[in-house]
There are 2 protein chains.
Amino acid sequence: MATDRRKMIVEAATKSFSLFGYKATTMDQVAKLANVGKGTIYTFFKNKEELFEEIISSLVKEMMAEAEAVIQPDVPFTENVHHALYRLLEFRSQHQLMIKLVQEETEMGTLAVSEMLQHVEDEIIAYLKKKIDLAIAKGAIPPTDTELSSFLLLKMYIALVSDWERNHQPLSSEQIAEIMKVFLVNDLPK
Amino acid sequence: MATDRRKMIVEAATKSFSLFGYKATTMDQVAKLANVGKGTIYTFFKNKEELFEEIISSLVKEMMAEAEAVIQPDVPFTENVHHALYRLLEFRSQHQLMIKLVQEETEMGTLAVSEMLQHVEDEIIAYLKKKIDLAIAKGAIPPTDTELSSFLLLKMYIALVSDWERNHQPLSSEQIAEIMKVFLVNDLPK
DNA sequence: CCGTTGACCATTTTAGTTTTTTGGTCACTT
DNA sequence: AAGTGACCAAAAAACTAAAATGGTCAACGG
């Protein structure tokens, strides 16, 4: 209880952000939840936003670990990309903090939240790019502009699992995998 | 001036929506601009939203005509799709009413506006689908789920011309065309 | 001493209230 | 019959007072 004041703060803030969102979480509340004086928070974090950043950073790490865990070395590359993306979006739709943040963005348009979600998306794209670069190096797929294809991959994935379902039957996992394969195995212009 | 009261109303409303957006346009203002008593508007339109619908419907017709005008019968199908889509998005980014509505949606989230923009998107997809169906019938491209590919085509296009440019150099027209071709000439699952 | 604290402050947000504006109607005019 | 604008209930804007919030820092205690 002595040394992990910082940890308690982060845990309290995470809980509060998940429950009430960014704006509705007050620093007083975090301090109380963490059993800590409010001033103490400011010895570890410059301000509310920096505390938020640290929490999002952990969340991103957790997401990457989840994606990584689902990859199997003995299945084809495109299938693994599908598994990883699927896991990432599943994470997004199941993780309490993510749910709350997405909700807060659409309903209130909180700026700090929009920026963070944008950052998370960028991280996912960077992760995908790394994977694609590796697959190209191994000769598993033809070389392309990996920045572009990781970007498109995520955008399409999101469109397929969220926008599509507004007007249509959900697509099967196989269909989604097939669509992505078309992307990855065909050359895009550099 | 006697018979085209209806026309004057529509023109006045179009001008006002383009200038101030949907919410900020009042029926009094439209009546004044149209040189018409307010009650007269309600003999032609049930309410404000229906007036809006009529205007959007014209706008969609105009968009389709623009797209159609750019199609050349003697160039490959995929190139025509590119031209048409390019024209459609150019229209969106140049037409005063569209600009204002997109702005109003992101800044104020006006419900009626969101619904209309959604409707416009659906119309574009329907238009694309018709074109793709035709191309398949002619054997220009392999058969696919045309509902799905028209949806994906538009989503990708929008991602490439708007989201991509937030972090990257704009793509050349050739690059965009090439990406779309990959889609259209490869089989997607039914 | 130094890590911790909570009273304190300037600023922002909220709540409550009044005033104005708006979409829509309809009795009246032309 | 076609057109109108004064009129109304409902919604939005403007105003204000009160409360809450992020952040600071002098004081505290181990």
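To find a chain, count down the sequence lines: A is the first, B the second, and so on, and within it residues start at 1. These numbers come from a predicted model, not from an experiment.
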Check the distance between [N]'s [atom2] and [X]'s [atom1] and give it to me in whole angstrom.
X	N	atom1	atom2	value
B:Glu50	C:dG24	CD	C1'	13 Å
A:Met108	C:dT12	CE	C1'	14 Å
A:Asp28	D:dA19	CG	P	16 Å
B:Phe44	D:dT4	CZ	C1'	13 Å
B:Ile41	D:dA2	CD1	P	18 Å
B:Phe45	D:dG3	CZ	P	13 Å
B:Lys48	D:dA11	NZ	C1'	12 Å
A:Ile9	C:dT5	CD1	P	9 Å

Heavy-atom side-chain proximity of A:His83 to A:Asn80 below 4.5 angstrom: yes

Below 4.0 Å: OP1/OP2 of C:dT4 and any side-chain N or O of A:Arg6: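 So the side chain of A:Arg6 is outside the cut-off, no N or O lying under 4.0 Å from OP1 or OP2 of C:dT4.
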
A:Arg5 side chain near C:dT4 phosphate (N/O to OP1/OP2, under 4.0 Å):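 The answer is yes; a side-chain N or O of A:Arg5 sits under 4.0 Å from OP1 or OP2.
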
Aromatic plane relationship, A:His82 with A:Tyr157 - under 30° parallel, 30 to 60° tilted, over 60° perpendicular: tilted

Cationic tip of B:Lys48 above B:Tyr22 ring, under 6.0 Å, 45° of axis: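 Cation-pi check for B:Lys48 and B:Tyr22: passes.
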
Axial cation check for A:Phe44 ring with A:Lys7, 6.0 Å and 45° limits: no

Name the closest nucleotide to the [X] side chain, picking from [options].
X	options	value
A:Lys23	D:dG23, C:dT14, C:dT4	C:dT14
A:Thr43	D:dG23, C:dT4, D:dT4	C:dT4
A:Lys38	D:dT4, C:dG23, C:dA7	C:dA7
A:Tyr42	C:dG24, C:dT5, D:dT24	D:dT24

A:Ser149 (side chain) donor-acceptor with A:Asp145 (main chain) under 3.5 angstrom: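 Checked: pair present.
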
Toward the 5' end of DNA chain D, by each residue's nearest nucleotide, A:Ala24 or A:Thr40: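 Going by which nucleotide is closer to the 5' end, it is A:Ala24.
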
Nearest-nucleotide 5' precedence on DNA chain D, A:Met27 against B:Gly37: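 Final value for this comparison: B:Gly37.
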
Sugar-phosphate, base or nothing in reach of B:Thr26, heavy atoms under 4.0 Å: sugar-phosphate

